[in-house]
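Counting convention: from 1, in listed order, for ligands and their atoms alike. The figures here come from the full heavy-atom set of this structure, side chains too, leaving out hydrogens, waters and symmetry mates.
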Amino acid sequence: MSLTQKAVDWEGMAQRLQWPTEHFIDGGFVRSSSPERFDTINPATGEALARLPVGTEADVDLAVKAARRAFEDGRWRNRPIAERKAILLRAADLIEARREEFALIEALEVGKAVTNAHAEIAMSMDWLRYYAEAIDKVYGAVAPSDGSLFALNLIEPRGVCGAIVPWNFPLANAVMKAAPALAAGNTMVLKPSEVASLSALRLAELLIEAGLPAGVLNVVTGLGRSVGSAIARHADIDLLTFTGSTATGRALMEYAGQSNGKPLMLECGGKSPQIVCADMADELERLAGHIVHDAFWNQGQWCSARTRLIVASEIHDDVVEAVAAVAKTLTPGEPLDPDSRFGTISTQAQFDKILGYVATGKREGATTVLDGAAGSPCALSLAPTIFSDVSPDMTIARQEIFGPVLSVMRADNLDDAIAKANDTEYGLSATVWTHNAPVAFRMARSLRAGRVAVRTSVDAKGSTGIALGAEPCGASGFGVEKGLDGLRAYCRLRAVELY
Ligand code: NAD
């Protein structure tokens, strides 16, 4: 049954859900070394969904030892390629078969509108399938050499990977780490966010069902300062891959340096720009739909949210009016209502932080175009807020808010637009709208971001899916994600000389 069909009894399914309540280590659920527990809270109701263990250094160590054994004895990396592929493909099929359950978990844990959650579940399946097929597409090379020498580059798995992920796309964030790392032959210890740990535990269980050997993917639940830092500081982890805030990413660099100097891959925060050039004047109404989607998808809680809208002065007022008209239609709903398209904010702390930024925007002199009403229908519901007359030095133009708040700036000309877009420490994504080909090419090269979308038509559609790898810039991190290079990122290059 499709997720968009109303016939799904979400409330009934929610009543029947069985929540995992332990770490997942060496192929099964394992009791924590500490009795301490934390609650996973449903943001729509404030009620506890599950009580999960506050993992300890000892739990992380147990998981690392299991992952190390699974790596060293070759039970995964030396298994025939066809079998490894089949296991990852089967895992994707199992997610597909349980997509409603995963969508429901996301809605309950982070307040996503359940109907919207299907996009994330589909993305997770795509990642598993892509990297399953990539297993035999990435290989080394033979270099030119003199005499009777064969000079080879082999690519090999790195070993035990640590992965630490955030809460905004709980299943996808876990799969985006596990799929390429496992496809490359590594094993993994994964720490989901304390806000949303349940999808990762389900994923680990489901991978075993798909045939993944025990110990290859281990999940330890708990807090960043204990479990996260124990993973980052562990001396027997060969690579640390992280998605989350820039502040945490920087702390992880210290932990890695203080322990075994493990290499890092960091996908951190963003403050992404969206530039609208004056030649888009004829298409503003339809363009507004794209702008609203890019700024407010997932209640603005996504790393690449285009939260700085930079508009050519000539069309500035019309764009603001059109965008506000569409944004007004994004009415927050109950996450389990199939008609909802806009869920709740995921935690009380995030909700308070967003409202703090809205107050700061007003205090610093931005014009409130749309004031997102808060608290209905759920206590953590928050409708979109739009500020215009934002200057690049204002707090709301500089800091990542991670909520439904859009800051609009004017640009006097192209140089000004580029300067404003690049006036940020971040560099995750950027979008430009123009019909003008030379401007499009210039923008593609001038904007400092890992992913730049130059859109020359409102009607143009398409997606590269996972195929196009990219690396963030500046405070947004480093290390390639997606594409075959995204698998290479989890490999070590070895030179072999054969005489
Ligand atoms: P966060 O940095 O607070 O937490 C992310 C993870 O790190 C969690 O599992 C947390 O427990 C752990 N952690 C926190 N402090 C730690 C510490 N001192 N040591 C070790 N681990 C620690 O981020 P968040 O609030 O969960 O997520 C929101 C952030 O994630 C935003 O900044 C957003 O931009 C970013 N994000 C980035 C991407 C991307 O692809 N670039 C994608 C999604 C989210």
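- A salt bridge links Lys112 with Glu120: the closest approach of a Lys/Arg side-chain nitrogen to an acidic carboxylate oxygen falls below 4.0 angstrom.
- Here the heavy atom of the protein found nearest to atom 7 (O) of ligand 1 is Ile164 CG2, 3.3 Å.
- The closest side-chain heavy-atom distance from Met265 to Leu240 is not below 4.5 Å.
- Set against the non-hydrogen atoms of Lys191, the atoms of ligand 1 under 4.0 Å away are 9 (O), 10 (C), 11 (O), 12 (C).
- Within ligand 1, the atoms closer than 4.0 Å to a non-hydrogen atom of Pro192 are 9 (O), numbered from 1 in the order shown.
- For ligand 1 and Leu252, the ligand atoms under 4.0 Å from any heavy atom of the residue are 19 (N), 20 (C).
- Without hydrogens or angle criteria, Arg398 side chain to Asp423 main chain gives a donor-acceptor distance under 3.5 Å.
- With Val323 as the fixed residue, the side chain to side chain contact (heavy atoms under 4.5 Å, CB included) test singles out one of Val319, Val326, Val320: Val319.
- Within ligand 1, counting atoms from 1 as listed, the ones closer than 4.0 Å to a heavy atom of Cys268 are 34 (O), 37 (C), 38 (C), 39 (C), 41 (N).
- In this structure, Ser193 counts as a contact residue of ligand 1, since one of its heavy atoms falls inside 4.0 Å of the ligand.
- Using a cut-off of 4.0 Å between Lys/Arg side-chain N and Asp/Glu carboxylate O, Glu254 and Arg233 are scored as not salt-bridged.
- For the pair Tyr255 and ligand 1, a heavy-atom separation below 4.0 Å is found.
- Within ligand 1, counting atoms from 1 as listed, the ones closer than 4.0 Å to a heavy atom of Leu428 are 41 (N).
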Quiz: residues 386-393 side-chain donor-acceptor pairs under 3.5 angstrom, not counting sequence neighbours:
| unit_1 | atom_1 | unit_2 | atom_2 | d |
| --- | --- | --- | --- | --- |
| Asp389 | OD2 | Thr367 | OG1 | 2.6 |
| Ser391 | OG | Asp393 | OD1 | 2.5 |

query: Given Trp297 and Phe342, is the ring pair (Phe, Tyr, Trp, His ring centres under 6.0 Å) satisfied, shown in steps?
result: CA-CA 8 Å; Trp297 183 46; Phe342 202 75; over 10 Å; no
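- Every atom of ligand 1 is numbered from 1 in the order shown, and the set under 4.0 Å from a heavy atom of Val165 is 6 (C), 8 (C), 9 (O).
- Between Glu267 and ligand 1, at least one N/O pair is under 3.5 Å apart.
- Geometrically, ligand 1 and Ser245 share a nitrogen or oxygen pair separated by less than 3.5 Å.
- Which parts of ligand 1 touch Asn168 is read off a 4.0 Å heavy-atom cut-off, strictly below it: atoms 43 (C), 44 (C).
- With ring centers used as reference points, Phe296 lies 6.0 Å or more from Trp302.
- For atom 26 (O) of ligand 1, the closest non-hydrogen atom of the protein is Trp167 CD1, 3.1 Å.
- The part of Glu194 lying near ligand 1 is the side chain, judged by heavy-atom distances below 4.0 Å.
- Remark: of the listed residues Lys65, Arg68, Arg69, Arg69 is the sole one forming a salt bridge (charged side-chain N to carboxylate O under 4.0 Å, His left out) with Asp26.
- Distance from atom 27 (O) of ligand 1 to its nearest protein heavy atom, with residue and atom name: Pro166 CB, 3.2 Å.
- Ligand 1 is never approached by Pro472 to a heavy-atom distance shorter than 4.0 Å.
- For the pair Ser476/Glu267, no side-chain contact is recorded, criterion being any heavy-atom separation below 4.5 Å from C-beta on.
- With respect to atom 16 (C) of ligand 1, the closest heavy atom belonging to the protein is Thr248 CG2, 3.4 Å.
- Looking at Trp10 and Leu104, their side chains come closer than 4.5 Å, going by heavy atoms from C-beta outward.
- Atom 32 (O) of ligand 1 has Glu400 OE1, 2.6 Å as its closest protein atom, hydrogens excluded (heavy atom only).
- By the 30° and 60° cut-offs, the orientation of the rings of Trp433 relative to His290 is tilted.
- If you number the atoms of ligand 1 from 1 as listed, the ones under 4.0 Å from a heavy atom of Phe242 come out as 2 (O), 5 (C), 6 (C), 7 (O).
- In this structure, the protein non-hydrogen atom closest to atom 28 (C) of ligand 1 is Phe402 CE2, 3.6 Å.
- Inclusion of Arg225 in the set of residues having an N or O under 3.5 Å from an N or O of ligand 1 is not warranted.
- Nearest protein heavy-atom neighbour of atom 17 (C) of ligand 1: Gly224 O, 3.6 Å.
- For atom 36 (N) of ligand 1, the closest heavy atom belonging to the protein is Cys303 CB, 3.7 Å.
- By the 30° and 60° cut-offs, the orientation of the rings of Trp127 relative to Tyr131 is tilted.
- Phe29 places a side-chain heavy atom less than 4.5 Å from the side chain of Leu201.
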